[in-house]
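Written below as structure tokens is the structure these notes are about.
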Amino acid sequence: MNKKFENYLKEIDRLLKPLPASERADIVKEIHGSILEMEREHLSDQQILERLGDPSTLARAYLGDALTKCDGLRPRHLLIFLAFLSLTGVTGIFVIPILGVCAPLLFLCGIISPVAGLVKSVGTLLGYEIPYIMFQFGSFTPPAVLVFPISILIGIGLILLGRGAWHVLVLYVKTVSNIKDHLFDPSNLFTRLFHRSVNKES
Amino acid sequence: MNLEKWKSQIARGTLEYCILLMLRKRACYGYEILQKLNQNPMLASTESTVYPLLRRLQNEAYLCATWQDSAQGLPPRKYYALTSTGQQYVEQLSQAWEMLQDAIANMKEGIS
């Protein structure tokens with residue numbers, strides 16, 4: 001076979017690298033067949049090459065079709081998926097347990113604080129000094145009258161913090177799950193690739 | 001210039017239907033399909049449009065293909081035939097085509 005055509009077919013084969021080897025061989029064989037048919041019809045080499053057109057145009061016609069259907073492995077999507085897994089894996093280790101523990105504990109403390117304030121104030125009123133409950137902010141110790149109102153304020157603050165921590169936790173979980181849904185959306189290319197490889201195995 | 005553009009768009013849009021119609025009668029090999037298309041100036045095509053199209057139809061299971069390897073000095077030929085899904089698909093395309101023709105006929109008659 002003519003050296004020009006040999007090079008042409010080699011170039012096609014090279015450009016079709018993203019396709020599976022068997023499919024590539026089939027395509028090259030069919031184009032080779034076409035060249036032989038044209039030679040049988042006594043077309044000149046130049047005419048044949050003109051009709052086949054630029055190898056990259058021909059290859060792109062095959063690939064364009066295959067890529068929109070996700071025939072080949074798409075490294076970009078795989079990378080995005082891996083990045084997603086790593087990021088949620090690493091942040092999940094911290095975010096979920098810390099917020100999961102903090103939120104209910106902050107709530108609990110928010111309830112304990114006014115209760116303790118009430119006990120302390122009642123004790124002071126009755127003339128008892130309860131040593132187990134102390135209100136102190138650095139060097140500042142509030143006067144007995146202010147203990148109960150301050151304890152209520154602290155309680156509200158803690159409960160608000162707990163609620164905030166809980167909302168952040170819920171938001172985090174929802175966001176992660178939304179991103180996951182998006183990555184596995186049936187209309188998403190990555191998912192189709194994923195299902196394809198699963199189908200191939202079965 | 002606009003006319004040529006329009007013609008090529010029509011040709012591109014109907015190429016699939018034309019090839020499937022051709023295969024409804026009997027199995028054909030790729031080069032044969034090309035030659036038959038090229039007998040009609042409106043449908044003239046090259047390898048770079050027809051072969052990828054055949055492959056797509058094959059991947060979509062509308063066509064099945066068998067290689068007939070070179071016998072008596074003939075080049076190896078890949079024969080394409082309609083599958084049962086492909087046959088159903090052509091019928092659907094034919095129906096749609098008839099609807100389009102009716103619609104065009106209506107436009108010509110100027111039906112309100």
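Just so it is clear, the model here is predicted, and its values are computed rather than measured. So that the names make sense, note that chain A is the first sequence line, chain B the second, and so on, each numbered from 1.
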Query raised in the report: Should B:Tyr31 and A:Arg40 count as side-chain neighbours, where that means a heavy-atom distance under 4.5 Å?
Result: no

Query raised in the report: Given A:Lys29 and B:Asp69, is the side-chain contact (heavy atoms from CB on, under 4.5 Å) satisfied, shown in steps?
Result: CA-CA 11 Å; A:Lys29 186 176 172 184; B:Asp69 280 311; 3.0 Å; yes

Query raised in the report: Is it the case that more than 12 heavy atoms not belonging to A:Tyr132 sit under 6.0 Å from its OH atom?
Result: no

Query raised in the report: Looking at A:Glu30 and B:Arg55, does any basic side-chain N land under 4.0 Å from a carboxylate oxygen?
Result: no

Query raised in the report: Got a second to check how far A:Met38's CE is from B:Leu34's CG, nearest 0.5 Å?
Result: 8.0 Å

Requested in this report: Would you check if A:Ile27 and B:Lys78 make a side-chain contact, meaning some heavy-atom pair closer than 4.5 Å?
Outcome: no

**Report entry** Over 12 foreign heavy atoms within 6.0 Å of CZ, A:Phe140
**Finding:** yes

Report task. Evaluate the side-chain proximity of A:Glu23 to B:Asn59: yes if any heavy-atom separation is below 4.5 Å, no if none is. Result -> yes

**Report entry** Part of A:Asp26 within contact of chain B (heavy atom distance under 4.5 Å)
**Finding:** both

Report task. Step by step, work out the side-chain hydrogen bond (donor to acceptor under 3.5 Å, both in side chains) result for B:Tyr51 and A:Ser34. Result -> CA-CA 10 Å; B:Tyr51 285 2; A:Ser34 225; 2.8 Å; yes

Query raised in the report: What distance separates A:Leu58 CG from B:Thr49 OG1, expressed to the nearest 0.5 Å?
Result: 9.5 Å

Requested in this report: Taking all non-hydrogen atoms of both residues into account, name the closest pair between B:Pro52 and A:Ala61 and its distance.
Outcome: CG-CB, 3.5 Å

